[in-house]
Colleague: 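Got a structure for you, written out below as structure tokens; questions coming shortly.
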2 protein chains.
Amino acid sequence: MLFTGTHIHKLDRKGRVSVPKRFRAALELEEFAGIYLYQSHKESALEGCSHSHMERIAASLDELDMFSDEADDLADTILGSSHMLPYDGEGRIILPAELIEFARIEDQVAFVGRGRTFRLWNPDIFKPLQEASRTRTLNRGATLKLKPMTELPKGARPGTMNEEDAS
Amino acid sequence: MLFTGTHIHKLDRKGRVSVPKRFRAALELEEFAGIYLYQSHKESALEGCSHSHMERIAASLDELDMFSDEADDLADTILGSSHMLPYDGEGRIILPAELIEFARIEDQVAFVGRGRTFRLWNPDIFKPLQEASRTRTLNRGATLKLKPMTELPKGARPGTMNEEDAS
DNA sequence: TGGGAAATGATGGGGGTCAATGGGATTTGA
DNA sequence: TCAAATCCCATTGACCCCCATCATTTCCCA
């Protein structure tokens with residue numbers, strides 16, 4: 001149930017692109033056969049997630065004060081600008097023109113796994129950023145403190161579903 | 001079911017507008033085939049929801065002190081000014097003149113998903129506001145604290161069908 | 001271990017279907 | 001009786017189903 005790796009696929013003349021088989025497999029138990037995409041806040045990229053992840057975002061927004069400005073902004077930015085994209089018979093989606101333009105995608109799309117979510121990039125834009133990010137990580141000598149297995153929620157091995165990152 | 005995305009439809013000469021297919025699908029199990037609309041108290045927009053959500057609002061109002069000013073005001077603004085709008089055979093509603101005027105809608109209507117509810121806007125008014133929301137969200141460095149999967153309602157998660165529930 | 005089937009995933013494109021829209025006809029209700 | 005709401009049907013264009021082809025990987029067996 002994790003999205004991992006980078007997969008580059010072609011955007012065809014009809015605006016369609018195949019969702020990588022690995023990603024589709026990670027989504028196959030979902031009630032909605034397709035993915036959600038919305039514009040990233042920080043990057044020239046698209047954020048992608050599953051239906052259940054989107055439900056989780058909506059449920060989390062419900063918890064914020066219903067009339068707070070922050071909830072309003074997040075609802076407009078995430079829920080209001082998201083696109084629900086069903087697969088066709090071959091597991092492709094149609095990338096809306098608005099999103100193609102935003103992410104400055106041309107004839108290729110990079111699907112980049114980020115665990116529970118993934119991103120879509122113009123490969124030419126993503127590549128140098130990835131290198132820079134790798135360099136920063138190395139220079140920083142960053143290490144990741146792993147949670148002990150025993151603290152993970154039940155069923156977290158194949159069907160893991162608990163982390164806090166929504167960026 | 002969730003309301004997501006922004007869908008722009010045309011308001012015809014008879015004051016009719018098609019409810020987006022995706023939104024109708026999210027409502028199809030409702031007992032009332034149509035939607036509720038009322039004036040937003042913060043924005044130049046219309047709040048929209050399903051019959052069952054309106055029930056939920058009424059129930060929440062019940063919990064407030066029955067004679068408080070706040071309950072009075074909310075009852076007036078929400079329940080008192082709400083319109084129950086049935087679909088015609090093609091899934092359209094007739095937008096009451098009062099609401100068209102309030103939201104300053106002209107020949108187009110933007111349906112904007114907000115999870116359990118949605119809003120109707122004049123697209124020309126909504127667009128710059130959405131941009132501003134995005135900017136504020138970015139500057140605020142806002143991240144959404146996601147609820148743990150286990151607190152989501154059944155059916156909102158794929159785990160309902162796999163080993164996670166078995167234990 | 002090399003090479004060729006066979007299976008599977010990715011890509012291309014034709015055409016049918018249905019959602020969105022427009023407008024006329026009929027009914028309802030004040 | 002008139003106006004507004006509802007029903008009904010026509011049009012159109014985007015989307016989705018289907019199939020054909022191409023590219024890779026896997027598998028099998030010599």
Side-chain angles (χ1 to χ4, degrees), chain A residues 3-28 30-37 48 51 82-101 105-113 118 120-123, chain B residues 1-28 30 32-37 48 82-101 105-113 118 120-123:
Chain A
F3 301 110
T4 59
T6 294
H7 312 262
I8 295 180
H9 284 175
K10 202 166 173 198
L11 187 69
D12 72 17
R13 267 190 296 172
K14 289 177 162 184
R16 298 176 301 189
V17 63
S18 292
V19 175
K21 183 69 204 334
R22 290 272 164 72
F23 284 25
R24 291 205 303 268
L27 293 164
E28 66 191 0
E30 295 284 329
E31 62 176 284
F32 162 63
I35 63 175
Y36 285 81
L37 290 180
H51 179 79
S82 71
H83 291 251
M84 184 182 182
L85 306 172
Y87 300 139
D88 68 10
E90 281 70 42
R92 291 173 290 198
I93 55 168
I94 298 181
L95 262 195
E98 180 194 359
L99 298 184
I100 292 178
E101 193 180 343
I105 286 168
E106 283 150 23
D107 60 341
Q108 288 194 319
V109 183
F111 287 76
V112 182
F118 54 92
L120 267 56
W121 289 88
N122 174 335
Chain B
M1 275 303 165
L2 284 180
F3 300 108
T4 60
T6 294
H7 311 263
I8 296 180
H9 284 173
K10 216 167 168 188
L11 186 69
D12 70 18
R13 269 189 293 172
K14 290 178 167 181
R16 298 176 301 189
V17 63
S18 292
V19 175
K21 180 70 204 326
R22 290 265 158 75
F23 284 26
R24 292 205 302 271
L27 293 164
E28 66 190 1
E30 295 284 329
F32 162 62
I35 63 174
Y36 285 81
L37 289 181
S82 74
H83 293 250
M84 186 179 176
L85 305 172
Y87 301 138
D88 70 8
E90 280 71 41
R92 291 174 288 199
I93 55 168
I94 297 181
L95 262 194
E98 179 194 0
L99 298 184
I100 292 178
E101 193 179 342
I105 285 168
E106 284 151 23
D107 59 341
Q108 288 193 319
V109 183
F111 287 75
V112 181
F118 53 91
L120 267 55
W121 290 88
N122 174 335

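What you see below is based on every heavy atom in this structure, not just the backbone, and it leaves out hydrogens, waters and symmetry mates. All chains are named by letter (A, B, ...) in the order of the sequence lines, taking the proteins before the strands, and each is independently numbered beginning at 1.
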Colleague: V109(A) and side-chain contact (heavy atoms from CB on, under 4.5 Å): which partner among I8(A), I93(A), L95(A)?
Modeller: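 So the option named by the test is L95(A).
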Colleague: For I93(A) and dT11(C), what is the distance between atoms CD1 and C1' respectively, to the nearest whole Å?
Modeller: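 After rounding, the reported distance stands at 15 Å.
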Colleague: Between R22(B) and P86(A), is there a side-chain heavy-atom distance shorter than 4.5 Å?
Modeller: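 A side-chain contact exists here, since the closest heavy-atom pair is under 4.5 Å.
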Colleague: Taking atom P of dA14(D) as reference, at what distance in whole Å does atom CG of L85(A) sit?
Modeller: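 Atom CG in L85(A) sits about 17 Å away from atom P in dA14(D).
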Colleague: Tell me, with the steps shown, if F3(B) and V112(B) meet side-chain contact (heavy atoms from CB on, under 4.5 Å).
Modeller: CA-CA 8 Å; F3(B) 300 108; V112(B) 181; over 6 Å; no
Colleague: Write down the distance between CE (M84(B)) and C1' (dA5(D)), rounded to a whole number of angstrom.
Modeller: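 Rounded to whole Å, this separation is 16 Å.
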Colleague: Tell me the interatomic distance from H7(B), atom NE2, to dT21(C), atom P, rounded to whole angstroms.
Modeller: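 Spelled out: NE2 on H7(B) to P on dT21(C) is 12 Å.
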Colleague: Nearest-Å distance, CG (D12(A)) to C1' (dG14(C))?
Modeller: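 After rounding, the reported distance stands at 14 Å.
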Colleague: Heavy atoms under 4.0 Å, any strand shown: does V19(B) hit a base, just sugar-phosphate, or nothing?
Modeller: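 The answer is sugar-phosphate, as V19(B) gets under 4.0 Å only of primed atoms, P, OP1 or OP2.
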Colleague: With a non-hydrogen cut-off below 4.0 angstrom, is R13(B) in contact with a base, only sugar-phosphate, or nothing?
Modeller: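 Here R13(B) touches the backbone only, sparing every base.
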Colleague: Taking donor-acceptor contacts at under 3.5 Å, does the side chain of E90(A) reach the base of dC17(D)?
Modeller: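 A donor-acceptor contact between them is absent.
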Colleague: Checking only heavy atoms, does the side chain of R92(B) share a donor-acceptor pair with the base of dG22(C) at less than 3.5 Å?
Modeller: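 Pair found.
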Colleague: Considering only side-chain heavy atoms of I94(B), which listed nucleotide, dC16(D), dA5(D), dA10(C), is closest?
Modeller: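 Among the listed nucleotides, the one closest to the side chain of I94(B) is dA5(D).
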Colleague: Taking the side chain as everything from C-beta on, heavy atoms only, tell me whether I105(A) gets closer than 4.5 Å to V17(A).
Modeller: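 Side chain of I105(A) against side chain of V17(A), heavy atoms only: no contact under 4.5 Å found.
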Colleague: When all nucleic acid strands are considered with a 4.0 Å heavy-atom cut-off, which category describes R22(A): base, sugar-phosphate, or nothing?
Modeller: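 If one applies the 4.0 Å heavy-atom cut-off, R22(A) turns out to touch nothing in the nucleic acid.
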Colleague: Is the base of dG9(C) touched by the side chain of R24(A) through a donor-acceptor pair closer than 3.5 angstrom?
Modeller: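 By the distance-only test, no, there is no pair.
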Colleague: Is it the case that atom CZ in R16(B) sees more than 12 heavy atoms from other parts of the structure closer than 6.0 Å?
Modeller: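 Check passes, neighbour count above 12.
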Colleague: Can you work out whether K21(B) or K10(A) has the more 5'-proximal nearest nucleotide on DNA chain C?
Modeller: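 Residue closer to the 5' terminus by nearest nucleotide: K10(A).
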Colleague: Looking at K14(B) and dG24(C), is any side-chain donor or acceptor paired with a base atom of the opposite kind under 3.5 Å?
Modeller: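 Indeed, a donor on one side and an acceptor on the other fall under 3.5 Å apart.
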